[in-house]
Engineer: 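I have a structure here, written as structure tokens, and I will follow up with some questions on it.
Below, all heavy atoms of this structure are taken into account, side chains as well, without hydrogens, waters or symmetry copies. Starting from 1, each residue takes its place in the sequence as its number. The structure presented is a predicted model; accordingly, all values stated were derived computationally and were not measured.
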Amino acid sequence: RWVISGDYCPVAYDFARGGPVYRKSSSIPEEVLYLATVPKGSLSTCGEGNWLVQLASPDTDFIDEKMGYFELKGSEEMCLKASLPSTDIIFGNAAQAPQGQWNL
């Protein structure tokens with residue numbers, strides 16, 4: 001989907017995931033997207049360790065950037081294999097852009 005494409009900028013390190021969380025900003029809160037690995041114990045259909053693109057859920061997400069704590073509750077939009085950055089993906093197209101950004 002076209003809404004998933006764009007630049008994802010680093011937000012903060014998530015200690016539960018053991019890696020960074022990226023955000024694609026939007027002036028419409030419901031169109032903000034997050035890109036992060038699926039943490040251990042998650043109920044995600046994407047699978048532990050894979051990269052997941054999720055829609056923001058402003059009413060139910062809990063984010064504390066300073067503490068490195070993210071509870072993302074939005075719908076799962078795209079799943080990417082843990083081997084990124086490579087072209088080996090589950091579906092969609094992805095490449096890592098300069099300065100640590102992701103461009104999907």
Side-chain angles (χ1 to χ4, degrees):
R1 296 180 354 171
W2 67 269
V3 74
I4 293 172
S5 66
D7 292 329
Y8 290 73
C9 299
V11 177
Y13 186 89
D14 184 341
F15 289 97
R17 296 171 198 278
V21 174
Y22 299 87
R23 176 176 44 225
K24 178 185 171 205
S25 297
S26 173
S27 59
I28 302 168
E30 292 79 10
E31 290 183 1
V32 171
L33 290 163
Y34 290 96
L35 171 67
T37 56
V38 177
K40 291 181 182 179
S42 173
L43 299 177
S44 171
T45 59
C46 187
E48 180 183 321
N50 288 324
W51 289 92
L52 176 63
V53 177
Q54 281 182 272
L55 271 174
S57 179
D59 295 333
T60 58
D61 287 346
F62 179 80
I63 299 170
D64 187 333
E65 294 175 19
K66 291 182 181 178
M67 295 295 294
Y69 187 78
F70 293 79
E71 286 184 18
L72 303 175
K73 307 287 185 177
S75 66
E76 298 181 2
E77 299 296 312
M78 179 182 282
C79 185
L80 306 163
K81 286 190 178 182
S83 59
L84 282 173
S86 77
T87 56
D88 185 20
I89 57 178
I90 295 172
F91 57 93
N93 292 310
Q96 191 167 17
Q99 289 96 28
Q101 296 180 355
W102 282 91
N103 187 319
L104 297 179

Engineer: Which Ile, Leu, Val, Met, Phe, Trp or Tyr residues join Phe15 in one cluster when any pair of side-chain heavy atoms under 4.5 Å counts as a link?
Structural biologist: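 Direct or chained contacts put Phe15 with Tyr13.
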Engineer: To the nearest 0.5 Å, tell me how far Leu35 CG sits from Tyr22 OH.
Structural biologist: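 Answer for the CG-OH pair, Leu35 versus Tyr22, is 7.5 Å.
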Engineer: Who passes salt bridge (charged side-chain N to carboxylate O under 4.0 Å, His left out) against Asp61, sequence neighbours left out?
Structural biologist: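 With sequence neighbours excluded, Asp61 shows a salt bridge (charged side-chain N to carboxylate O under 4.0 Å, His left out) to no residue whatsoever.
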Engineer: Sort and list the pairs that fulfil salt bridge (Lys or Arg N to Asp or Glu O under 4.0 Å) and have at least one residue in residues 33-56, not counting sequence neighbours.
Structural biologist: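 Counting only pairs at least two positions apart or across chains, no salt bridge (Lys or Arg N to Asp or Glu O under 4.0 Å) contact touches residues 33-56.
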Engineer: Linking directly or through intermediates, with side-chain heavy atoms under 4.5 Å: list the remaining ILVMFWY members grouped with Val32, chain and number order.
Structural biologist: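 Members besides Val32, by chain and number: Val11, Val21, Tyr34, Ile63, Phe70, Leu72.
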Engineer: Tell me every residue that passes side chain to side chain contact (heavy atoms under 4.5 Å, CB included) with Pro39, counting only those two or more places apart in sequence or in another chain.
Structural biologist: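 Side chain to side chain contact (heavy atoms under 4.5 Å, CB included) check on Pro39 returns Arg17, Ser42.
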Engineer: Which ILVMFWY residues are connected to Leu52, directly or by a chain of links, through side-chain heavy atoms under 4.5 Å apart?
Structural biologist: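 When side chains under 4.5 Å apart are linked, the cluster holding Leu52 also contains Val38.
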Engineer: Mind checking side chain to side chain contact (heavy atoms under 4.5 Å, CB included) for Thr60 and listing every partner two or more places apart, or none if nothing turns up?
Structural biologist: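 Partners of Thr60 under the side chain to side chain contact (heavy atoms under 4.5 Å, CB included) test: Ser57, Lys73.
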Engineer: List the residues meeting side chain to side chain donor-acceptor pair (under 3.5 Å) with Ser44, not counting sequence neighbours, and say none if there are none.
Structural biologist: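 For Ser44 the side chain to side chain donor-acceptor pair (under 3.5 Å) partners, ignoring immediate neighbours, are Glu76.
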Engineer: Identify, with sequence neighbours excluded, every residue that meets salt bridge (charged side-chain N to carboxylate O under 4.0 Å, His left out) alongside Glu30.
Structural biologist: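 Glu30: no salt bridge (charged side-chain N to carboxylate O under 4.0 Å, His left out) contacts found.
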Engineer: In Å, rounded to the nearest 0.5 Å, how long is the span from CG of Asn50 to CE of Met78?
Structural biologist: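 Rounded to the nearest 0.5 Å, the CG-CE separation comes to 13.0 Å.
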Engineer: Of all residues at least two apart in sequence or in a different chain, which pass the side chain to side chain contact (heavy atoms under 4.5 Å, CB included) check with Ser75?
Structural biologist: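 In terms of side chain to side chain contact (heavy atoms under 4.5 Å, CB included), with neighbours along the sequence ignored, Ser75 is linked to Leu55, Glu77.
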Engineer: I need the minimum non-hydrogen distance between Ala56 and Pro29, along with the two atoms involved.
Structural biologist: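 What the structure gives for the nearest pair is CB-O, 3.8 Å.
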Engineer: With Asp64, which residues qualify under side chain to side chain contact (heavy atoms under 4.5 Å, CB included), at least two apart?
Structural biologist: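 Residues passing side chain to side chain contact (heavy atoms under 4.5 Å, CB included) with Asp64: Phe62, Lys66, Met67, Tyr69.
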